[in-house]
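Written out below as structure tokens is the structure these notes cover.
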Amino acid sequence: MPSRRPSRKRPWGAEPAPLDLDRALGGARRESGADGEWQVRTVRGGSKSYLCPGCNQEIPPGTGHVVAWQEDSFFGAETALDHRRHWHTSCWQARGRRRPR
């Protein structure tokens, strides 16, 4: 038999909190740009350091960043996934305004 105690998390009759799709999908999303279709995933941080292709500087371990790979790769999805890159979030957002390196 369920408890008759009201919930402390959400009062009875109150609207539920809106669903955060970014969090529900694990930070995965699809983005379109002048450079093609991309699969993008937000990462909290890992135990390795990575080199950002946007600024050619290191992303230190434990730093949140973006992992992106081109969805419309000429050689297929598996090759595109092998060529994924780790970007600083700000570098990823500014990639359309920067000159290629």
Side-chain angles (χ1 to χ4, degrees):
M1 184 173 208
S3 170
R4 293 186 185 265
R5 251 183 329 175
S7 172
R8 293 181 195 180
K9 295 179 183 175
R10 183 172 53 102
W12 180 259
E15 288 292 318
L19 179 64
D20 183 2
L21 283 178
D22 190 41
R23 185 173 175 198
L25 296 173
R29 62 188 179 278
R30 190 177 186 180
E31 290 188 18
S32 298
D35 53 353
E37 297 288 323
W38 294 85
Q39 281 289 334
V40 181
R41 183 162 298 196
T42 304
V43 181
R44 289 186 187 168
S47 58
K48 292 173 49 179
S49 64
Y50 299 97
L51 187 65
C52 174
C55 63
N56 287 330
Q57 295 196 15
E58 181 182 331
I59 302 171
T63 304
H65 59 280
V66 171
V67 179
W69 61 95
Q70 202 158 18
E71 194 172 77
D72 52 356
S73 173
F74 182 72
F75 297 108
E78 191 171 318
T79 304
L81 191 58
D82 289 341
H83 289 105
R84 68 186 177 266
R85 297 290 174 256
H86 296 254
W87 295 69
H88 289 110
T89 304
S90 58
C91 292
W92 174 254
Q93 293 168 346
R95 80 185 188 286
R97 299 187 306 264
R98 291 188 172 174
R99 294 180 308 170
R101 292 189 177 251

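Everything numeric here is computed off the predicted structure, so don't read it as measured data.
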## Note on the structure
By side-chain contact (heavy atoms from CB on, under 4.5 Å), Gln93 pairs with (sequence neighbours left out) Thr89
### Query
What pairs with Ser49 under side-chain contact (heavy atoms from CB on, under 4.5 Å), at least two apart in sequence or on another chain?
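Ser49 satisfies side-chain contact (heavy atoms from CB on, under 4.5 Å) with Glu58, Pro61 once adjacent residues are dropped.
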### Message
So, taking the atom named CZ in Arg44 and the one named NE2 in His65, what distance separates them when rounded to the nearest 0.5 Å?
### Response
13.0 Å
If I compare all heavy atoms of [X] with all of [Y], which pair ends up nearest, and what's the gap?
X     : Y     : answer
Val66 : Val40 : CG1-CG1, 3.2 Å
His86 : Pro53 : O-CD, 3.2 Å
Val67 : Arg84 : CG1-CD, 3.9 Å

### Task
Mind running side chain to side chain contact (heavy atoms under 4.5 Å, CB included) on Glu37 and Gln70 for me, showing each step along the way?
CA-CA 6 Å; Glu37 297 288 323; Gln70 202 158 18; over 6 Å; no
### Query
Got a sec, which pairs hit ring-ring contact (aromatic ring centres under 6.0 Å, His included) with one end in residues 29-49, sequence neighbours left out?
Trp38-Trp92
